[in-house]
Amino acid sequence: MRLRAGALEWALGLAAAGVLAFYGVALAQNVPAQFVVTGKAAEQIQDFSTINLATAQGIANACEKAATDQGVQVSITVLDKEGNQVYADRMDGQGYLNVITSDLKARTALLGREPSKNRMNRVIQNPGQEFSDIQRGLFPNAGGLPIVVNKQLIGAVGVGGSAPKPPVWSDEICAHKGLEAVIGASVAPLGPDLPPRQNPNPGNAPVAKFATTTVPKTTLPAEWVVGGKGAATIFDANEISLGAAQKIARGCLDWAAAKGGKASIWVIDSAGTFVHMERMDGEAYNNVSTALLKAQTALKTRQPTSIRAAQLKNNPDGLPRSSSFYNFFGVAGGVPIVVDGQLIGAVGVGGGANNDDENCAVEGLKATFGEHVTLPVYPATASAK
């Protein structure tokens, strides 16, 4: 039986789609399963070749260990191949510039499919290149590396915050050590380190120093807040520590997994700078972005976002004002981190098990601070959330 023209085109298109699907699966299968999202989680995001949480966390942990061995602190961001955050850390004592540059370096490596140092070297050789890079959202600074396994890009890592001392140490070396520890010897070697460009007309303006030898004091246990040299660097002894932030995330994500679900979580300090984030496999951009918005709103309001959500449900007239003028995100899942009456940060959760983001955050807070943490309390007559 002869097929009509339309039916024939449909059949050929279906066959072509099948070939492309098989080809895509074949490419994805080139990456060992331990490095990428698989199974139902991969089906949910329709992607079998993007970096998983375990790999991202392993890279960050190995880099942090190398930094600790060098006596320095760094900030680390690991992105999937779509540019979404998967795992990120800010070691104690790191500030906003360190955090934001780690993200910019990772994105530059991802967009360029090459180390961000390659772009920096081209700028050193041709200063006019920097302007066009910046116009395209690229950050020509060393420290970002694409994450490639079996010639397949699965993500990117960026490191910021430490002074370069090549060939012994640099942000890029930290990222490379993390990749080697997790992926192995197949990681591409690092390129040359060109000397920085000299300013032909250096100025003589005096540069002030701004530092203190006095270490800020806190009444909270040392494991919960940044202390020592880190506290002196940021002039604050009441910022949540990386260790406490990681423990909150672990308590929340373990609770979500026990419920048969997943979650994305952000922990920020009381200045709004990120400290730690994780995205479980199968979570999408929406889960990651809303988790951050919730943490930021909880910090601004000094209240759980569930309060604003309930108020807007009871009286929606305030919604335009809250969203337009205050930039609040009125969805439950954000909780300020108040320990023994002291605000030290905020946590936001998105995509939690059974849409119960707030309880996920609460479980993480209880696991970390016990009875010392302030938690949302509901009227006895209120229905269970």
Side-chain angles (χ1 to χ4, degrees), residues 13-60 76-89 102-116 137 144-158 175 178-179 182-184 186-188 249 252-253 256-257 259-266 277-293 349-353 355 357 360:
L14 185 63
V19 171
L20 288 174
F22 174 79
Y23 181 65
V25 171
L27 283 179
Q29 289 174 342
N30 285 335
V31 182
Q34 73 261 32
F35 298 128
V36 293
V37 179
T38 58
K40 291 292 184 182
E43 290 179 13
Q44 287 180 314
I45 59 174
Q46 301 168 353
D47 193 341
F48 288 79
S49 60
T50 200
I51 188 170
N52 61 23
L53 174 58
T55 301
Q57 184 176 19
I59 292 169
I76 305 165
T77 300
V78 181
L79 307 175
D80 67 18
K81 63 190 184 73
E82 302 298 329
N84 301 313
Q85 292 97 341
V86 179
Y87 190 92
D89 273 345
S102 74
D103 186 86
L104 290 169
K105 292 173 184 181
R107 295 187 185 282
T108 299
L110 183 66
L111 291 170
R113 265 55 174 180
E114 64 176 347
S116 59
L145 294 174
I147 304 173
V148 179
V149 181
N150 290 355
K151 299 184 178 180
Q152 171 71 50
L153 179 81
I154 64 172
V157 56
L179 292 177
V182 176
I183 296 173
S186 64
V187 176
C252 171
L253 301 188
K259 295 287 184 179
K262 296 175 288 294
S264 296
I265 185 167
W266 281 85
M277 75 79 53
E278 293 188 46
R279 184 200 76 183
M280 292 179 74
D281 294 348
E283 293 279 278
Y285 166 77
N286 180 63
N287 310 123
V288 175
S289 61
T290 56
L292 178 57
L293 289 171
V349 179
N355 295 317
D357 296 334
C360 192

Original post:
Can you check whether Q34's main-chain N or O pairs, donor with acceptor, with T55's side chain at less than 3.5 Å?
Top reply: yes
Original post:
Which residues satisfy the salt bridge (Lys or Arg N to Asp or Glu O under 4.0 Å) test with D89, sequence neighbours excluded?
Top reply: none
Original post:
Of the non-hydrogen atoms in G158 and K105, which two are nearest, and what is the gap between them?
Top reply: CA-CB, 4.2 Å
Original post:
Would you say S186 and V149 make side-chain contact, with heavy atoms under 4.5 Å?
Top reply: no
**OP:** Check the pair T77, S102 against side chain to side chain donor-acceptor pair (under 3.5 Å), reporting the backbone distance first and the verdict last.
**Re:** CA-CA 6 Å; T77 300; S102 74; 2.9 Å; yes
Original post:
Is any side-chain heavy atom of T290 closer than 4.5 Å to a side-chain heavy atom of N286?
Top reply: yes
Subject >> Taking every non-hydrogen atom, the tightest pair across P115 and P146 >> reply: N-CD, 3.7 Å
Original post:
Under 3.5 Å, side chain of D281 to main-chain N/O of T38, donor-acceptor pair present?
Top reply: no
**OP:** Tell me, please, which residues at least two apart from K81 pass salt bridge (Lys or Arg N to Asp or Glu O under 4.0 Å).
**Re:** D47
**OP:** Go through the steps for V148 and I154 under the test side-chain contact (heavy atoms from CB on, under 4.5 Å), then give the verdict.
**Re:** CA-CA 6 Å; V148 179; I154 64 172; over 6 Å; no
**OP:** Indicate the atoms forming the closest heavy-atom contact of L110 with A156, along with that distance.
**Re:** CB-CB, 3.8 Å
**OP:** Please report the closest heavy-atom contact between I265 and C252, naming both atoms and the distance.
**Re:** CD1-CB, 3.9 Å
Original post:
Going by heavy atoms in the side chains, are I76 and V157 under 4.5 Å from each other?
Top reply: yes
**OP:** Quick one: list whatever passes ring pair (Phe, Tyr, Trp, His ring centres under 6.0 Å) with F35, sequence neighbours left out.
**Re:** none
**OP:** Can you measure from OG (S116) to CZ (R107) and round to the nearest 0.5 angstrom?
**Re:** 13.5 Å
Original post:
Which heavy atom of N52 sits nearest a heavy atom of A33, and at what distance?
Top reply: ND2-O, 4.0 Å
**OP:** Taking S264 for its side chain and R279 for its backbone only, find out whether a donor-acceptor pair lies under 3.5 Å.
**Re:** no
Original post:
Which is it for T50 and V36 under the side-chain contact (heavy atoms from CB on, under 4.5 Å) test, yes or no, and what are the steps along the way?
Top reply: CA-CA 5 Å; T50 200; V36 293; over 6 Å; no
**OP:** Apply the test side-chain contact (heavy atoms from CB on, under 4.5 Å) to residues I59 and L179: give CA-CA distance (whole Å), side-chain angles for both, the deciding distance (0.1 Å), then the verdict.
**Re:** CA-CA 6 Å; I59 292 169; L179 292 177; 3.6 Å; yes
Original post:
Who pairs with E82 by salt bridge (Lys or Arg N to Asp or Glu O under 4.0 Å), at least two apart in sequence or on another chain?
Top reply: none
Subject >> Over all atoms of both residues, closest heavy-atom pair of G155 and I51 >> reply: CA-CG2, 4.5 Å
Subject >> N30 backbone acceptor or donor facing N150 side chain under 3.5 Å >> reply: yes
Original post:
Residues in salt bridge (Lys or Arg N to Asp or Glu O under 4.0 Å) with K151, at least two apart?
Top reply: none
Original post:
With a 4.5 Å heavy-atom cut-off, do Q85 and V78 have their side chains touching?
Top reply: no
Original post:
Can you list the residues that meet the side-chain hydrogen bond (donor to acceptor under 3.5 Å, both in side chains) rule with Q44, with sequence neighbours excluded?
Top reply: K262
Subject >> Check against side-chain contact (heavy atoms from CB on, under 4.5 Å), L53 and Y87 >> reply: CA-CA 7 Å; L53 174 58; Y87 190 92; 3.7 Å; yes
Subject >> Backbone N/O of V349 and side chain of W266: donor-acceptor pair under 3.5 Å >> reply: no
